[in-house]
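In what follows, every heavy atom counts, from backbone to side chain, and hydrogens, waters and symmetry copies are set aside. Chain letters run A, B, ... following the sequence lines, proteins first, then strands; residues in each count from 1.
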Amino acid sequence: MRKSTEVLVIGGGVTGCGVLFDLAQRGFKAMLLERGALSMGTSGRFHGLLHSGGRYAVNDADAAKECIEENMLLRKIIPHCIEDTGGLFVATPDDPLDFTDTFYQACLDVGIPVEEISIAETLRQEPLLNPGITRSFRVPDASVETWETCKTLVMSAAEYGAETLPYHKVVDMEVKNGRVVAVIAENTISGEQVTIETDMVVSATGAWGGQVAAMAGCDVTVYAGKGTMIAMNYRMVNTVVNRCIWPHDGDILVPIGSVAVIGTTSVKVPDPDSYPIEDWEIKLMMDEGEKLIPSFRKFRPLRAWAGVRPLYQESDTADLRDVTRKYTLLDHSKRDGVDGFITITGGKWTTYRMMAEHTVDLVCEKLDTERACHTAETLLKNPHGETKLFTLGQRLDALENGELDGQLICECEIVTRPQIERSLEENQPQIINDLRRDLRVGMGPCQGGFCTYRVAGIAHEKEDLPPYETNKALVDFLQARWKGMSTVLWGQHLRQMHLDEGIYLGLLGVDKLPTQLTGADKGRLGEIETEGFYEIGVEPSLVQPEK
Amino acid sequence: MYSNYETVVIGAGMAGLNTACQLAEANQKVLLVTAGLGSLLLSSGCVDVLGYQPIDSTEPLTDPLANLDDFLAEHPDHPYKIAGKAALQGGVDSFLGLVNNGSLEYRGQLDKNWLLPSTAGAIRPTCLAPTSLAKGDVREGGDMLIVGFRELRDFYPALISQNLNAQDLNLNTEALILDAPAPATGKVNITPLELARVFENSDFRNRLVSLIRPRLKSYARVGFPAVLGLAKHNDVIADLEKQLGVPVFEISTMPPSVPGRRLFEALRQRLLGLGGRLIIGSKVHDGVIEEAQVKHIRIETSNRLQPISAKNYVLATGGIYGGGVQTDSDGGKGKVWEPIFGLPIEAESNRHLWFAKGLLSTEGQPVSRYGINVNQTLNPINGTDKSVAKNLYVVGSQIANSNWVIGRTGDGVALATATAAANHILNRA
């Protein structure tokens, strides 16, 4: 199959989706290819934080400035994707007090709204916090919903005629006379190949940037910096809580929906698709969580996962902390003599819009056209509700007021049958994990224990799926959740797993369905195979490697 | 201190209840103390003895007894070996005697398995089943209608029907999804238990039948989710069969399990009827062992720890799932312990060795094998065959290597070990 477009974006993370929208709004015919589902890469695996910039104010002032500017702007253009939790920087009894002065001044210098508040006020706001904290500052951190953002950007881009193709993996690029003229991609569900002719390719593939650039014969090194996080079964704080110290592993706790996420680490890994979670990381996250919240270990860790930060540096460096968190825009025409190809990598989720703007500015320059960017002034409407800042109680309110009708399928996250059916219609999800990303089904404390079967049954009925598809979707989803759960299975959460076994093996017998009915006899399609997070059978890695 | 009991049983699952009932039948003064209500409420309500051999087979066994020796040859540490075949047979006989006393009727025998449809349309082999479930055996063949309700979100007849049809059975099934008639109409979050109560309403049944009758072809039987009444279960089914003119059966649902509830109620009533005592909701805080004897246990009450002593103690606390085996991450390593008596448990401290590559692993999860090692008389032992306490017995999934996933043996282990322990206790008396 052959298609053609003017500008082809590779990568459906937040940067790629942002670029697609900007291109489309500026009148380009644009298309996006993503090898999995939108935001399945780093954008779907990060901490969920809309940075105020406080974290970078001291050691990376430029990055910090970018953050605060975009933070303020994004609240106006994608409000329904943002929960205005606010942020706190707190010094625990172990933390040096002189840094707090440095921090405060740095925030002022960068232009981050910062306010010192009393310990009493802090503890009133967040009663579970360590009562021994010595100083506390308020900053405008917030939490973001990445899937919602990517979906909104892509739907808005579609209004300008842009096309998005998830489950299309780029396998090669056609370079003729020093110019990229086409991209060859494979539909990972059907296996079909499609060739897309294009005037310009934008690679927004983050940590995979090197792999993609190599297809055009360009030598690009992007390090993959693994960051591990743990979701705890309780929303312990309603504010983003940062440790007021030099950036440090495990120094941020973010409330996301009904859970709280502690993170993160920073470990260079050789392969962006392989990042096993190590025991010292789990222990470190739990220890650091305990410094912020003394009762931390009384809660259940639900799952651990990792994302890979794209860290680009022109020259090799051993210490990942030296690599800036600013973004990098590569013009391969100038750099490598390959026209029609640019790479945008590095950067932070918070600055996606700005990264997209500069990328599309470069596209305009290369295609010799002047078109102004309007994304900073364009409000992106919420496709399914009011366009206003997200609040946690929204779904429950809607349910109680009768606005959210229908059968409650996921009780942990409040997801109803009509929502699931609508998501099935609109998004053509290929696997249950797509529904999870869209609706948060299975992301709450039971981790899909009860709702997985219900979702499979509903999808089966609504889509009139052959039983093979449904069984396979069910089994795949359970196995995928297992990857993240196995890292943190002990105590009450291990008992939860036993209940899941009791239900899915004992009552439902899904492992005893004939293999031809579950796809166990074939390879998996659709879900990108990444290595299991918790390596089974290895020696425990209890010691943090020297940096 | 309560001290006039001959045996105290800790735990109200299948193993605990059956041990207590057997001892009460033999005229012992028995106390059963439990923190919760046991796992029966989450189970299928059937008794699985041996479903698959070899364990990775997807062909269910039709004769568990004939395959037991092969299974034990491959799994010599399995509790069936320690309890013995006679105890398994004794356990089955005893169980049938206990429950077939009231409104329930369990059927089956050790050399036959029922092959029942599961909530996903897979086949569940099981040895003893209540009649209402047993009538769904897939080998009966013929045309079958499976009825479900839009209001019941834990039952998807179309998936069940299509999965059954896709397997090589002599079955032709169809699904019928209805809007439940009043008073359940629109109650979209109804649970199986609530719907079971509604089914005891004859007006509801009449309305339901009038919805089904026009859609009745020449079905040999009609299947429903297992919600056909609680205490009045037999009347409900008799009425439906009379009105529909065909046999009616039930298919186990997701928890809360109505057949599991019926079974729990039957065993509970039986224990009370035999003079047994029951304390529900009090967790056993600890137990004291001195000179190879349990001296007493202490249970948590509202304001203090209440000591209880008896001649014999039975630990039926359900392994990791039941809370009888506790686990934690200890600085990144794994910690496993028994919380009441501190009984020794052989376990890996390397948590990477606790798990298999997938949740659905035919070998089961290694961690699920952790439990208490016992000797021939079901006393807990310490490395050697020396018993840690001569008057303490361990039954059910609290025993090491009793992982039910392997071969699907959970309820059989409960019955066999309950009977073995009860016999040893009575022989000692």
Side-chain angles (χ1 to χ4, degrees), chain A residues 279-280 282-283 286 301 406-409 417 450 453-454 456-458 460-461 464 466-468 470-471 474-475 478-479 481-482 485-486 488-491 494-495 497-517 532 534-542, chain B residues 39 42-44 51-52 58 60 118-124 150-151 153-156 158-159 162-163 166-167 177 188-189 252-255 257 319-321 323 326-329 331-335 349-362 364-365 367-368 404-405 408 410:
Chain A
D279 301 276
W280 65 263
I282 309 261
K283 180 177 186 311
M286 300 298 286
Q407 204 170 45
L408 204 51
I409 298 303
R417 181 161 182 157
F450 280 83
Y453 166 70
R454 295 171 185 163
I458 291 169
H460 177 86
E461 271 177 30
D464 209 13
Y468 167 87
T470 312
N471 301 330
L474 190 67
V475 170
L478 291 171
Q479 300 283 46
R481 293 316 277 161
W482 175 248
M485 273 172 74
S486 51
V488 291
L489 278 183
W490 63 77
L494 182 56
R495 295 181 70 187
M497 182 279 281
H498 275 81
L499 176 57
D500 293 344
E501 260 191 338
I503 291 172
Y504 288 95
L505 276 70
L507 285 175
L508 268 57
V510 293
D511 63 327
K512 295 301 185 182
L513 281 166
T515 51
Q516 66 271 20
L517 273 183
Y534 198 52
E535 285 190 291
I536 305 300
V538 304
E539 276 304 303
S541 52
L542 292 166
Chain B
S39 55
L42 301 163
S43 73
S44 65
Y52 298 92
T58 53
S118 84
T119 325
I123 299 171
R124 279 194 78 251
R150 286 202 180 86
E151 284 81 357
R153 60 195 166 176
D154 287 323
F155 193 76
Y156 294 93
L159 180 61
Q162 289 176 31
N163 267 334
Q167 296 173 72
I177 302 165
V188 292
N189 295 313
S252 288
T253 69
M254 297 271 276
S257 162
I320 291 177
Y321 182 45
Q326 298 274 315
T327 61
D328 200 354
S329 125
K333 290 195 173 180
K335 217 169 76 169
S349 64
N350 176 0
R351 279 197 319 113
H352 290 266
L353 299 175
W354 283 12
F355 306 109
K357 268 205 137 72
L359 175 66
L360 309 181
S361 160
T362 36
Q365 304 297 328
V367 69
S368 304
W404 63 265
V405 170
R408 306 296 208 268

Look only at the side chain of [X] and the backbone of [Y], and say whether a donor-acceptor pair between them is shorter than 3.5 Å.
| X | Y | result |
| --- | --- | --- |
| A:Asp279 | B:Lys333 | no |
| B:Arg153 | A:Ile409 | no |
| B:Arg124 | A:Gly506 | yes |
| A:Gln407 | B:Val188 | yes |
| B:Gln326 | A:Gly491 | no |

Could you walk me through whether A:Met286 and B:Ser329 pass side-chain contact (heavy atoms from CB on, under 4.5 Å), step by step? CA-CA 10 Å; A:Met286 300 298 286; B:Ser329 125; 5.9 Å; no
With under 30° as parallel and over 60° as perpendicular, where do the rings of A:Tyr453 and B:Tyr156 fit, or are they tilted in between? perpendicular
Please state whether the side chain, the backbone, both or neither of [X] comes within less than 4.5 Å of a heavy atom of chain A.
| X | result |
| --- | --- |
| B:Ser349 | neither |
| B:Ser39 | neither |
| B:Phe155 | backbone |

Donor-acceptor side-chain pairing of B:Gln365 and A:His498 below 3.5 angstrom: no
Using 0.5 Å steps for rounding, measure from the [atom1] atom of [X] to the [atom2] atom of [Y].
| X | Y | atom1 | atom2 | result |
| --- | --- | --- | --- | --- |
| B:Leu159 | A:His460 | CG | NE2 | 5.0 Å |
| A:Trp490 | B:Asp328 | CH2 | CG | 7.5 Å |
| B:Ile320 | A:Leu494 | CD1 | CG | 4.5 Å |

Stepwise side-chain contact (heavy atoms from CB on, under 4.5 Å) check, B:Lys357 with A:Ser486: CA-CA 9 Å; B:Lys357 268 205 137 72; A:Ser486 51; over 6 Å; no
